[in-house]
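In each ligand, atom 1 is the first atom listed, and ligand 1 is the first ligand listed. The structure displayed is predicted, hence computed values, not measured ones.
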Amino acid sequence: MATDNNANRCSMEVKQWSDYVLKLSVEDRERYISKLTSGEGTRSLPDPYCLASGWVDDPSLWPAITFTDIYFYLVDTPGQFTHDSLRAYKSLKAYDYVESGHVYPIFYNAIDDQSPYCFLKTKVIPSQRLRDKPHQPWVCVKKSEGTVFCAHCTCMAGLGEVCSHVAALLFKVDAAVRAGLTAKACTSEACKWNAAYRKELQPTPLCEVQHLFGRRRKANTPSVSGTGKAPLPDIETLKSLKSVCPNAVFF
Ligand SMILES: [Zn+2]
């Protein structure tokens, strides 16, 4: 797996909480710590952002999380998800993250043999800003039942217990469960599926992809060179461009 600098630092310094958590406001930090308290308040689960070891890429280890588990967690947790929005869950941004390959491979951590809980973590590429740092959601799931105990994400909404990136992680697990990938003894196919996500997109000059739109064009479009020596388009073209985007730096 990719190196997790935050987790490596935690491991070396034997810290209980990651730098991410220590930099949160007092209120947000207390909320984060309280959500990881289990056993009727008697013990704390480890901070997933501080867990350096134990993460494995193997969907066959994932708990049997059903869509019902996901549904109840998302609806019962205060936030953006409602009965109505989940009835049309395929139109949700979270579902689109999975469909468009914005969800990185999911990693599983058993915490230890005695723990009734496990963690699943991933990274989700922001919807429009593909070069921005990915959000890092994790969910804590009861191993025996597949119910979601708590969750978190590094985005603003994820400071609570639910956001589109947490939901995207859960929807990706649901897709794997439905495809039977979590029940297979041979994990190579499941790991290949888990690893399938969209790599960072590279911007391409329009002139290089113009042939893709060629059939829809009625006439050739004159190209404009980006150099200072290039002649300006005629005044009518400039006026129509300005009417569309008056605040463009060009004007
Ligand atoms: Zn998020």
Short check: any N/O/S atom of His135 below 2.8 Å from the Zn ion (ligand 1)? no
Sidechain N-carboxylate O distance under 4.0 Å for Glu99, Lys90: no
Look up atom CG in Leu170 and atom OG1 in Thr122, then write down how far apart they are to the nearest 0.5 Å. 11.0 Å
Is any side-chain N of the basic residue among Asp84 and Arg87 closer than 4.0 Å to the acidic one's carboxylate O? yes
State whether a side-chain donor-acceptor pair under 3.5 Å links Ser60 with Asp58. yes
Working to 10°, measure the angle at the Zn ion (ligand 1) formed by atom ND1 of His165 and atom SG of Cys155. 110°
Quick one: the SG of Cys163, the Zn ion (ligand 1), SG of Cys153 angle, rounded to 10°, please. 110°
